[in-house]
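Single-structure report; data block below.
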Amino acid sequence: GLIWMSPRPPSSEDWPKEPECLARRKWSLAAFPAMAELPTCETFVFLDLEATGLPNAHPEIAEISLFAIHRFSLEHPERDESGTLQLPRVLDKLTLCMCPEQNFTPKASEITGLSNQNLADNHKAGFNGAVIRALREFLKRQKSPICLVAHNGFDYDFPLLRTELQRLGADLPGGTVCLDTLPALRGLDKVHHHSTRASHGKKSYSLGNLYRRYFDDEPQAAHSAEGDVYALVMVFLHRAQELLQCVQTEAQNWDEIQPMYTPRKRRLSGGSLDA
DNA sequence: TGCCAGGCCCTCTTTAGGGCCTT
């Protein structure tokens, strides 16, 4: 006879016991099956965007930087004689600059050092087909599955990148997942907090402050895309073992990332998207 | 003219407010 394989709703027994960073996570039905099927990510692509403003300004990307690092280098960090963590093997690095059509907010221009005038003076093209092809080819060179990593990425970098891609009718390769180091690190600290409550006051989890706290040093080239990716890689590396565990349960499918805003469609420039 | 992010977290909380975090 026919055996009816009813899909069983997730029960508390299905919730991962390890790592504890997820003890307080609120599970959504949408996230659950994806988590169960998530294969081990091979490559971690750390990324950062500089853009014309914050989400309320409907920003456009002006600079993007990506460092591709294999999980092996994150699992086996190297230190120099003094014990200082060394930047892991960066397999490929891509930094692109583009002239946005949207005006920079004064604050965005101030902190990034980018401006519409300067990018136009340098005859820089916008976020176009050539950018998308470069991104795709860059990702194609990395062993999959790929996990994108960004700080506050769920609320900023990933939705904005999705918006810019959507504007040109493009998207990233299927199967890509993404991780946000901001909630991941907060979650990790929360788990251990009860034992060290009095030791630190309120901690800032901005990328710059994490870097200062972990390395007792000033981040270099802050608010350049490449400088911030460097800081992000080092911050990740400092807690790589824990964060790599979090990926299995905290990562989201790229397909589930909602665009930051609905873009006005733009004519594709910079050539066709066909490979 | 009037609009102007938003999800998460903490707390003097849950009938709420405010700060963080990203540019």
Side-chain angles (χ1 to χ4, degrees), chain A residues 21-28 30-31 46-66 95-119 126-127 148-164 166 178-194 196-198 200-214 219 221-232 235-236 246 249-252 256-264:
Chain A
C21 60
L22 297 167
R24 287 164 51 95
R25 180 185 166 117
K26 295 168 203 149
W27 290 100
S28 70
F46 297 84
L47 78 90
D48 184 69
L49 306 177
E50 304 304 322
T52 58
L54 292 174
N56 58 340
H58 286 205
E60 292 178 22
I61 299 173
E63 200 177 24
I64 181 170
S65 185
L66 308 96
T95 300
L96 298 172
C97 199
M98 55 219 79
C99 185
E101 295 185 2
Q102 176 70 259
N103 288 329
F104 280 84
T105 65
K107 189 68 180 172
S109 204
E110 178 194 326
I111 66 175
T112 65
L114 300 163
S115 70
N116 300 87
Q117 185 65 52
N118 182 261
L119 291 167
F127 192 105
L148 303 177
V149 183
H151 196 63
N152 203 27
F154 288 155
D155 285 339
Y156 191 80
D157 301 78
F158 303 140
L160 178 51
L161 180 56
R162 193 119 207 238
T163 291
E164 292 278 35
Q166 189 180 79
C178 34
L179 180 75
D180 186 342
T181 44
L182 174 60
L185 288 169
R186 277 180 174 153
L188 285 171
D189 285 350
K190 174 176 292 300
V191 166
H192 305 300
H193 198 53
H194 44 78
T196 58
R197 166 165 302 205
H200 304 90
K202 243 184 190 164
K203 289 194 219 167
S204 163
Y205 286 83
S206 69
L207 182 61
N209 281 335
L210 285 166
Y211 187 89
R212 288 183 195 95
R213 202 149 72 228
Y214 290 169
H223 286 300
S224 76
E226 193 166 334
D228 282 351
V229 177
Y230 172 83
L232 174 63
V235 162
F236 187 101
C246 285
T249 42
E250 285 215 55
Q252 288 189 14
E256 293 163 6
I257 299 292
Q258 296 303 308
M260 181 180 283
Y261 58 94
T262 303
R264 288 187 307 177

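Both backbone and side-chain heavy atoms feed into the values below; hydrogens, waters and symmetry mates do not. Here is how names work: the chains are called A, B, and so on, in the same order as the sequence lines, proteins then strands, and each is numbered from 1.
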Report which part of the nucleic acid [X] touches: base, sugar-phosphate, or nothing (heavy-atom distance under 4.0 Å, all strands).
X: A:Asp180; value: nothing
X: A:Asn209; value: nothing
X: A:His151; value: sugar-phosphate
X: A:Leu160; value: nothing

Quiz item: Can you tell which of B:dC4, B:dT23, B:dT22 lies closest to the side chain of A:Ile111?
Solution: B:dT23
Practice problem: Measure from the side chain of A:Lys190, starting at C-beta and using heavy atoms only, and say which of B:dC9, B:dT22, B:dC21 lies closest. | Solution: B:dC9
Taking atom [atom1] in both [N] and [M], what distance in whole Å separates the two?
N: B:dC4; M: B:dC10; atom1: C1'; answer: 26 Å
N: B:dC12; M: B:dG18; atom1: P; answer: 15 Å
N: B:dC20; M: B:dT15; atom1: C1'; answer: 25 Å
N: B:dT23; M: B:dG17; atom1: C1'; answer: 25 Å
N: B:dG7; M: B:dG2; atom1: C1'; answer: 25 Å
N: B:dC3; M: B:dC8; atom1: C1'; answer: 25 Å

Starting at [atom1] of [X] and ending at [atom2] of [N], how long is that distance when rounded to a whole Å?
X: A:Leu182; N: B:dT22; atom1: CG; atom2: C1'; result: 9 Å
X: A:Glu226; N: B:dT23; atom1: CD; atom2: P; result: 15 Å
X: A:Glu164; N: B:dT23; atom1: CD; atom2: P; result: 15 Å
X: A:Lys107; N: B:dT23; atom1: NZ; atom2: P; result: 12 Å
X: A:Tyr156; N: B:dG7; atom1: OH; atom2: P; result: 17 Å
X: A:Asp157; N: B:dT23; atom1: CG; atom2: C1'; result: 10 Å
X: A:Glu50; N: B:dT22; atom1: CD; atom2: P; result: 11 Å
X: A:Asn56; N: B:dC4; atom1: CG; atom2: C1'; result: 6 Å

Quiz item: Has A:His223 got a side-chain N or O lying under 4.0 Å from the OP1 or OP2 atom of B:dT23?
Solution: yes
Self-check item: Min side-chain heavy-atom separation A:Val235-A:Leu185 under 4.5 Å
Solution: yes
Exercise. Answer whether the closest heavy-atom distance between the side chains of A:Pro219 and A:Leu207 falls below 4.5 Å.
Key: no
Quiz item: Who are the side-chain contact (heavy atoms from CB on, under 4.5 Å) partners of A:Asn152, not counting sequence neighbours?
Solution: A:Asp155, A:Tyr156, A:Asp180, A:Leu182
Practice problem: Rounded to the nearest 0.5 Å, what's the gap from CD on A:Glu60 to OG1 on A:Thr163? Could you check? | Solution: 10.5 Å
Quiz item: Between A:Leu49 and A:Met260, which has a closest nucleotide on DNA chain B that is more 5'?
Solution: A:Met260
Quiz item: Can you pull the side-chain hydrogen bond (donor to acceptor under 3.5 Å, both in side chains) pairs that have at least one residue in residues 100-110 of chain A, sequence neighbours excluded?
Solution: A:Glu101-A:Arg266
Check: protein-nucleotides 17-20 of chain B nitrogen or oxygen pairs below 3.5 Å:
residue, atom, partner, partner atom, Å
B:dC20, O3', A:Arg186, NH2, 3.4

Practice problem: Check the pair A:Leu161 / A:Phe127 against side chain to side chain contact (heavy atoms under 4.5 Å, CB included), numbers first and verdict last. | Solution: CA-CA 10 Å; A:Leu161 180 56; A:Phe127 192 105; 4.3 Å; yes
Exercise. Over all heavy atoms of both residues, which pair between A:Leu232 and A:Ala150 is shortest? Give the atoms and the distance, please.
Key: CD2-CA, 3.9 Å
Quiz item: In terms of the angle between their ring planes, are A:His58 and A:Tyr261 parallel, tilted or perpendicular, with boundaries placed at 30° and 60°?
Solution: parallel
